[in-house]
Amino acid sequence: MSSLLTGPVVDLDTGAVIAYPAALDASGRLRAAPLPMLLDLPMRVALAGAGAMAPLHDALRRAGRHPREAILLLHGPCAESDRPVLRVVLDALRNHGYLVGFGGAGGQSAPLDLIADAAPYLVGLAPDVVARAPLDHRARAVLRAVASLAQGVGAHVLALGVTTEAELAAARAQGARLAHGPLLAPGPDGRIRVPLPSPAESPAESPAMVALGPRVQELLMPAVTLPAAAKAEDVVAAFGHEPTITSVILVDEYQRPEGSLDRGRFLLSIASRYGHALHGSKPARRLADAPRTVPKTTPAVAAMRVAGRDGGRVYDDLVVTDELNRCLGIVRVSDLIRQVTQSA
């Protein structure tokens, strides 16, 4: 199984890369960066049942990756008669740990009521609608409807296939937080440059964004995780691969967070005199802090209070957990501050 995507997924607020497409190489092994991976999943494959998903599970296992590090973006139509099957399939994928999204929203893909019922992590805007949006008020209305739906179910909005600044501005003005496409491809120096928004591009605030702010689930970013027994040199490799990784979360076999490694403090310890010799081959958890966890339904203001309890770790990423205390991802304190100040 390979991804039709060819570039990184970028957080438009910070310019950080939050996920990379993954693909199978000629030997059948999964190739992916340490960051969370994004894979296209045709609806027909998902509806084919557990057997059709076995190659993906096997590829992740052989690559030493956990399903929690993968976002599956479903593409294609789903007949009314197939909806019960899809519901079972999605439950199974989530039980495995996958983050599930829908691509092509607003176009020839799954209908919006199906997407709403599925309550996905991610909703990808149809590329052809994004392309038409700068000059077509009808296309912008479609983007606005999809973004409103996503906000209502606590999902991120991903603008797919962005090629121009005008397309990016139109998508961002309707609420897109994430984007992918040729416009956001790394330059010759390897850096990604995100055009700054104009004041007119800021999406209107909704009643849900006032008072205590949005739920942290709506600000959720995929976490970079490693097994609790990982060595410090494994963490060095993860941080070294992508400069926008702000933390690495150590998790147990059930994906429950056991330690949090802040980029700045960890690399400072390693870079100190004899730091690598002292720590490199030792368990990374020796340098880890206790994870600061918040349930996914926690309002932004309450999450900020959690962040402020320890003056030395005010800006450490918070770990968002589900009902079983499994790591769903992280929320950055800078995102919390931005959301709360905007809704004040």
Side-chain angles (χ1 to χ4, degrees), residues 1 18-20 22 24 28-39 41 50-51 53-72 88-101 120-122 216-217 220-242 245-263 266 279-298 306 316-331:
M1 181 179 295
I18 69 129
Y20 278 104
L24 297 179
R29 291 189 65 84
L30 188 69
R31 294 186 293 105
L35 279 168
M37 65 190 82
L38 186 68
L39 296 110
L41 178 63
M53 299 301 299
L56 173 60
H57 303 327
D58 183 58
L60 280 174
R61 188 164 47 250
R62 286 188 288 125
R65 305 294 293 271
H66 190 275
R68 186 64 66 189
E69 302 170 61
I71 306 170
L72 302 182
V88 172
V89 168
L90 293 181
D91 286 343
L93 290 173
R94 288 185 172 119
N95 286 336
H96 271 90
Y98 294 103
L99 296 172
V100 178
Y121 168 75
L122 196 69
V216 293
Q217 182 179 5
L220 185 69
M221 289 290 144
V224 176
T225 61
L226 287 173
K231 300 291 192 294
E233 56 195 13
D234 298 326
V235 181
V236 172
F239 280 133
H241 183 85
E242 175 55 57
I245 297 175
T246 52
S247 63
V248 170
I249 308 303
L250 302 178
V251 296
D252 66 13
E253 60 182 314
Y254 301 106
Q255 291 297 290
R256 295 175 300 198
E258 291 200 346
S260 175
L261 293 153
D262 173 74
R263 181 187 187 93
F266 175 81
H279 304 297
S281 61
K282 302 291 180 60
R285 65 188 310 163
R286 296 169 67 247
L287 298 174
D289 295 298
R292 300 191 302 174
T293 62
V294 289
K296 63 182 182 181
T297 55
T298 305
V306 174
D316 283 19
D317 295 338
L318 301 180
V319 182
V320 181
T321 56
D322 65 8
E323 297 83 353
L324 300 178
N325 196 36
R326 296 176 300 191
C327 174
L328 292 177
I330 60 168
V331 62

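The chain is numbered in sequence order, starting from 1.
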To the nearest 0.5 Å, what is the distance between CD1 (Ile71) and CD1 (Ile18)? 5.0 Å
Arg326 to Asn95 - nearest heavy-atom pair and separation: NH1-O, 4.1 Å
Listed by chain and number, what are the side-chain contact (heavy atoms from CB on, under 4.5 Å) partners of Thr246, not counting sequence neighbours? Asp317, Ile330, Arg332
Approximate separation, where rounding is to 0.5 Å, of Leu250 CG and Leu226 CG: 6.5 Å
Are side-chain heavy atoms of Leu72 and Leu56 found at a separation under 4.5 Å? yes
Closest heavy-atom pair and its distance - Phe239, Leu261: CZ-O, 3.6 Å
Does the side chain of Arg68 come within less than 4.5 Å of Thr225's, by heavy atoms? no
Under 4.5 Å between any side-chain heavy atoms of Leu220 and Lys296, yes or no? no
Gap between atom CZ of Arg263 and atom CD of Glu242 - 0.5 Å precision: 8.0 Å
So, Asp234 side chain and Lys231 main chain: donor-acceptor pair closer than 3.5 Å or not? yes
Rounded to the nearest 0.5 Å, how far does CD of Gln255 lie from CG of Leu324? 12.5 Å
Picking from Val294, Thr293, Val216, what satisfies side chain to side chain contact (heavy atoms under 4.5 Å, CB included) with Thr321? Thr293
If you round to the nearest 0.5 Å, how far is OH of Tyr121 from CG of Leu328? 9.5 Å
Least distance between heavy atoms, Pro295 atom then Val320 atom: C-CG1, 4.4 Å
Below 4.0 angstrom, N of the basic side chain to O of the carboxylate: do Arg61 and Asp58 qualify? yes
For residues 249-262, which residue pairs pass the salt bridge (charged side-chain N to carboxylate O under 4.0 Å, His left out) check, not counting sequence neighbours? Asp252-Arg256, Glu258-Arg285, Asp262-Arg265
Considering only heavy atoms from C-beta outward, does the side chain of Leu60 approach that of Tyr98 to under 4.5 Å? yes
Heavy-atom distance under 4.5 Å between the side chains of Val224 and Pro36, does that happen here? yes
NE2 of His66 to NE2 of His96: how many Å apart, nearest 0.5 Å? 9.0 Å
Would you call the rings of His241 and Tyr20 parallel, tilted or perpendicular, taking 30° and 60° as the class edges? perpendicular
Write down the atom of Ala284, the atom of Val235, and the distance for their closest heavy-atom approach. CB-CG2, 3.6 Å
Side chain to side chain contact (heavy atoms under 4.5 Å, CB included) partner of Ser260, the single match among Val248, Ile249, Leu318: Ile249
